[in-house]
Amino acid sequence: MVLVLICVMYGLTYIDRINVSTAAGVFQKELHLTNTQVGLVFSAFAYPYLIFQIFGGWVSDRFGARLALTVSALIWGGSTLLTGLAGGLAAMVFARVLLGLGEGAAFPTATRALCDWMPEGRRAFAQGVTHSCARIGSALTPPVVVWLIAIGNWRASFAVLGVVSLSWAAAWGFYFRDNPAEHRGVTPAELQPLPRYIVRGENKKSSVPWLTLARRMFPVTVVYFCYGWTLWLYLAWIPSFFLHSYGLNLMGSALRSSGVYFAGVMGNLVGGIVSDRVLVATGNRNKARRDLVVFGFLCSVASMTPILLMHNLTGAVLCLSGAFFFSEFTIGPMWAIPMDIAPRFSGSASGLMNTGSALAAIVSPLIAGLVIDRTGNWELPFVGSIGLLLLGSVLAFWMKPEEGLAGAELAPTPAASPAAV
């Protein structure tokens with residue numbers, strides 16, 4: 001049930017952050033916005049999202065995932081409601097900034113929860129399946145938002161989605177417990193393979209080694225930025241790409257965008273499963289995490305390159321789907337790395353890593369909008385993705401997930417007191 005709740009949360013966060021991509025075809029005309037201004041709306045949520053990655057991860061490590069995620073969901077649900085009330089560019093940007101504030105702590109906090117609730121041999125699977133649900137949210141968003149717009153208007157679509165997120169906040173706060181042993185539904189057999197839980201008071205006394213952790217996570221963060229550039233290009237502009245480059249109507253572009261996003265669902269799921277199986281078979285985290293990231297990046301480049309050489313709708317859907325499958329194939333291995341390197345501070349470590357994607361969320365949609373406005377070429381933004389994925393496949397060899405951070409284990413060290421567990 002905990003995994004199910006986190007999966008639902010991942011789906012909702014992506015629905016609430018990319019619903020503007022589908023609705024842009026409607027509100028852009030109503031609010032009289034240029035493509036560059038729409039790109040600013042797309043990226044506005046990422047500024048606080050970037051800032052609150054590290055802070056949110058620290059909050060979850062210190063105060064627990066139950067409180068951190070409940071508060072986060074209340075904020076992002078409320079911001080989604082406010083988006084539907086926006087009357088201009090400034091109001092739209094404000095609502096999106098508030099959304100980033102709420103969602104900034106979500107994924108690092110979920111990683112903290114998964115680290116406590118999942119055995120080591122299932123971490124990549126858990127990350128893969130939760131992120132696949134994020135892509136399910138991405139895939140469902142275009143047709144769902146179009147349907148809500150059809151039966152009401154674009155403002156009503158944000159109101160409905162906001163209420164759903166607020167309902168999830170109530171369910172999480174009611175059901176989840178930071179310590180699995182404190183949950184009435186957990187059996188001793190289920191507790192046995194889990195890491196020992198360190199109580200909240202001990203977390204307060206054991207401060208995060210920020211400088212050492214930041215140094216250790218820096219290569220991972222840079223590689224994740226290279227991945228995030230492609231992710232946010234897809235999430236922000238794929239519906240508009242089909243709408244404008246191929247002259248489709250709103251529903252036609254939504255359905256094709258969903259097809260591309262569903263390829264990401266499968267990529268997340270397959271990558272997580274493969275990563276854990278390689279880890280069990282070899283016992284080598286470099287092979288199970290790093291090598292799969294390199295493989296996924298290179299295959300994504302090979303799939304995306306034909307987009308620059310042709311203008312065929314069916315070919316574009318197939319190539320973009322293949323490229324998204326392979327870029328998302330890397331997610332399970334990538335999100336397992338913070339738990340491998342620093343499980344005791346996995347919220348903070350994953351927050352450091354996710355700043356890479358958050359930074360990409362700021363610059364990727366905005367630069368794509370500028371390029372499209374200046375050139376009128378909707379294929380040109382993919383050049384940046386190809387270049388950064390190639391760079392990331394080289395830099396991945398500096399991540400070294402096999403080398404854990406000393407003193408960051410979940411199980412107590414010999415010097416730890418018995419009260420720490």
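The analysis underlying the following values was restricted to heavy atoms, covering all of them including side chains, and did not include hydrogens, waters or symmetry mates.
A 4.5 Å side-chain heavy-atom check between Leu389 and Met304 finds at least one atom pair inside the cut-off. For the pair Tyr224/Ile331, a side-chain contact is recorded, criterion being any heavy-atom separation below 4.5 Å from C-beta on. Under the 4.5 Å side-chain criterion, counting only non-hydrogen atoms from C-beta, Leu308 is in contact with Ile386. Contact check for Tyr261 versus Ile238: side-chain heavy atoms found under the 4.5 Å cut-off. Considering only heavy atoms from C-beta on, Val363 comes within 4.5 Å of Phe225 through its side chain. Counting only heavy atoms from C-beta outward, the side chains of Phe242 and Val317 approach each other to under 4.5 Å. Looking at heavy atoms from C-beta onward, His32 lies out of side-chain contact with Gln37 at the 4.5 angstrom threshold. In this structure, Val20 and Phe158 have side chains that are in contact, with non-hydrogen atoms separated by less than 4.5 Å.
From Cys7, atom SG reaches atom NE2 of His131 across 10.5 Å, with rounding to the nearest 0.5 Å. Ser385 contributes atom OG, which lies 10.5 Å from atom CZ of Phe324 (distance to the nearest 0.5 angstrom). In this structure, CD1 on Ile337 lies 4.0 Å from CE on Met399, to the nearest 0.5 angstrom. Expressed to the nearest 0.5 Å, how far CG of Leu235 lies from OG1 of Thr230 amounts to 10.5 Å. The structure places CG of Leu114 at 4.0 Å from CD1 of Ile6, a figure rounded to the nearest 0.5 Å. One distance of note links SG of Cys133 with CG of Leu3; it measures 8.0 Å at 0.5 Å rounding.
No donor-acceptor distance shorter than 3.5 angstrom exists from the side chain of Ser357 to the backbone of Asn354, with no hydrogens or angles considered. Between the side chain of Ser240 and the main chain of Trp237, no donor-acceptor pair closer than 3.5 Å is present. Checked by atom type and distance alone, the side chain of His183 pairs as donor or acceptor with a backbone atom of Tyr175 at under 3.5 Å. Side chain of Tyr10 to main chain of Val129: no donor-acceptor pair is present (N/O by atom type, distance under 3.5 Å, no hydrogens or angles). Remark: side-chain polar atoms of Arg112 are not paired, donor with acceptor, to backbone N or O of Pro108 under 3.5 angstrom. Formation of a donor-acceptor pair under 3.5 Å by the Thr83 side chain with backbone atoms of Ser79 is found in this model.
Closest non-hydrogen pair, Phe176 versus Ala65, comes out as CE2-CB, 3.8 Å. Shown here for Pro180 and Asp116, the closest heavy-atom pair between the two residues is CG-O, 3.6 Å. For the residue pair Leu269 and Ser132, the shortest heavy atom distance occurs at N-CB, 4.0 Å. Between Asp178 and Arg66 the shortest heavy-atom distance is OD1-N, 2.9 Å. Taking every heavy atom of both residues into account, Leu320 and Tyr234 meet most closely at O-OH, 3.1 Å. Listed here is the closest heavy atom pair of Ala73 and Ala169: CB-CB, 3.5 Å.
Within a 6.0 Å sphere centred on CH2 of Trp147, other residues, nucleotides and ligands contribute 12 heavy atoms or fewer. Within 6.0 Å of atom OH in Tyr246, more than 12 heavy atoms from other residues, nucleotides or ligands are found, so the atom counts as buried in its surroundings.
Between Trp172 and Trp168, the ring planes lie parallel to each other; the angle is under 30°, not in the 30° to 60° tilted range. Tyr14 and Trp232 have parallel rings, their planes meeting at less than 30° on a 0 to 90° scale where 60° marks the start of perpendicular. The aromatic rings of His244 and Trp378 lie parallel to each other, their planes meeting at an angle below 30°, with 60° marking the opposite boundary.
A salt bridge links Glu30 with Arg155; the closest basic N to acidic carboxylate O contact falls under 4.0 Å.
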Please table the atom pairs, donor to acceptor, closer than 3.5 Å between any side-chain atom in residues 288-303 and protein atoms at least two apart or in another chain.
unit_1, atom_1, unit_2, atom_2, d
Arg289, NE, Asp340, OD2, 2.7
Arg289, NH1, Ser275, OG, 2.8
Arg289, NH2, Asp340, OD1, 3.4
Arg289, NH2, Asp340, OD2, 3.3
Ser300, OG, Ala323, O, 2.8
Ser303, OG, Cys299, O, 3.0

Donor-acceptor contacts under 3.5 Å from residues 84-107 side chains, at least two apart:
unit_1, atom_1, unit_2, atom_2, d
Arg96, NE, Val41, O, 3.2
Arg96, NH1, Arg17, O, 2.9
Arg96, NH2, Arg17, O, 3.0
Arg96, NH2, Phe42, O, 3.2
Glu103, OE1, Arg17, NE, 2.8
Glu103, OE1, Arg17, NH2, 2.8

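The aromatic ring centres of Phe241 and Phe382 sit less than 6.0 Å apart.
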Would Leu391 and Leu395 satisfy side-chain contact (heavy atoms from CB on, under 4.5 Å), going step by step from the backbone distance to the final call?
-> CA-CA 6 Å; Leu391 176 63; Leu395 298 178; 3.8 Å; yes
Do Leu166 and Leu74 pass the side-chain contact (heavy atoms from CB on, under 4.5 Å) test, and can you show the C-alpha distance, the side-chain angles, and the key distance before you say yes or no?
-> CA-CA 6 Å; Leu166 294 175; Leu74 291 174; 4.1 Å; yes
Full working for side-chain contact (heavy atoms from CB on, under 4.5 Å) between Leu161 and Leu12 | CA-CA 8 Å; Leu161 296 174; Leu12 286 175; over 6 Å; no
Taking it one step at a time, do Thr80 and Asn19 satisfy side-chain contact (heavy atoms from CB on, under 4.5 Å)?
-> CA-CA 9 Å; Thr80 303; Asn19 47 15; 4.1 Å; yes
Verdict with reasoning, Ser165 to Trp76, per side chain to side chain donor-acceptor pair (under 3.5 Å) | CA-CA 8 Å; Ser165 290; Trp76 90 63; 3.1 Å; yes
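The side-chain contact (heavy atoms from CB on, under 4.5 Å) test with Arg277 singles out one residue from Val274, Val280, Leu279, Ile273, and that residue is Ile273.
Listed by first and then second residue, the salt bridge (Lys or Arg N to Asp or Glu O under 4.0 Å) pairs involving residues 157-171 amount to none (not counting sequence neighbours).
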